[in-house]
Amino acid sequence: PSVSLRPFLAGAVHAIGFRKLFVVAGIACVAASAGVACAGENFWLGFASRAVLGAGSSLFQVGLATYQAVAFAENVRGRAYSLIMAGCLLPMMTLVPPADWFLHRGRDGLYILLPVAASAGGLLCASFIPVHAAEAAPPGRTRRSLHVLLDPARLPAILPAPLASLPLR
């Protein structure tokens with residue numbers, strides 16, 4: 001479903017807006033992850049959960065690409081894209097090594113708490129982004145509050161923040 005749905009999702013962005021799209025995508029991904037975790041040996045539950053995960057992923061990816069195109073002025077768009085992509089890879093580079101270490105040392109509790117702690121930290125960081133960041137800017141200009149994403153001094157705090165928590169419309 002991930003790839004097959006993408007051509008049809010542009011209408012979803014237009015119909016419900018970015019914020020609702022990201023919320024729906026997040027809920028779909030969390031519900032599907034829970035389904036996969038609970039599936040055990042039930043093939044059909046695992047299969048259906050993976051399909052929902054693919055759909056949620058598609059929603060997020062199409063919404064993010066569309067948002068990037070409209071949120072950033074052309075002169076900073078390339079840098080913004082690269083920082084957002086680096087942010088998407090950051091959990092793999094920072095959370096997988098300690099998760100692997102916890103599993104190999106039998107620290108299952110810490111392994112389970114790691115993504116919860118990372119999510120809470122990301123939400124805390126995102127709470128410092130001003131709510132007015134989603135206000136429209138004149139055509140051709142980057143929204144002033146979104147410049148925090150491009151400020152190298154704030155990069156360590158902003159990159160792990162979940163994009164769905166940004167105050168988007």
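Quick note: residue numbers are just sequence positions, from 1. As the structure is a computational prediction, the values presented were derived from the model and not from experiment.
Here the closest non-hydrogen pair linking G87 and P91 is O-CD, 3.3 Å. The shortest non-hydrogen separation linking F60 to A25 is N-CB, 3.8 Å. Shortest non-hydrogen contact noted between A28 and V52 is O-CG1, 3.7 Å. Residues S49 and A32 come closest through the heavy atom pair O-CB, 3.2 Å. When every heavy atom of A12 is checked against every heavy atom of L21, the shortest pair comes out as CB-CD1, 3.9 Å. What you find for G56 and C29 is that their closest heavy atoms are C-SG, 3.7 Å.
Here the OG1-CG distance, from T94 to L89, works out to 10.5 Å after rounding to the nearest 0.5 Å. Between the CG atom in L110 and the CG atom in L103 there is a gap of 10.5 Å [rounded to 0.5 Å]. Here the CG atom belonging to L45 is positioned 12.5 Å from the CZ atom belonging to R50, to the nearest 0.5 angstrom. Separation of atoms CG (L64) and CG (L59) is listed at 12.5 Å; rounding is to 0.5 Å. Rounding to the nearest 0.5 Å places CD of Q68 at 10.5 Å from CG of L83.
The 12-atom threshold is exceeded at CZ of F102, counting heavy atoms of other residues, nucleotides or ligands nearer than 6.0 Å.
At a threshold of 4.5 Å between side-chain heavy atoms, the hydrophobic network of Ile, Leu, Val, Met, Phe, Trp and Tyr places V116 and L114 in two separate groups. Hydrophobic clustering, with ILVMFWY side chains joined whenever heavy atoms are under 4.5 angstrom apart, groups V62 together with V70. Under the 4.5 Å side-chain heavy-atom criterion for grouping Ile, Leu, Val, Met, Phe, Trp and Tyr, W101 is connected to I112 within one hydrophobic cluster. Transitive grouping of hydrophobic side chains (ILVMFWY, heavy atoms separated by less than 4.5 Å) keeps M93 and L95 in distinct clusters. Side-chain heavy atoms closer than 4.5 Å link hydrophobic residues (I, L, V, M, F, W, Y) into clusters, and following such links, even through other members, never connects Y111 to V36.
Below 30°, between 30° and 60°, or above 60°: for Y67 and F22 the angle between ring planes is above 60°, a perpendicular geometry. Note on ring orientation: taking the six-membered ring where Trp is involved, the planes of F47 and F43 are parallel (angle under 30°, cut-offs 30° and 60°).
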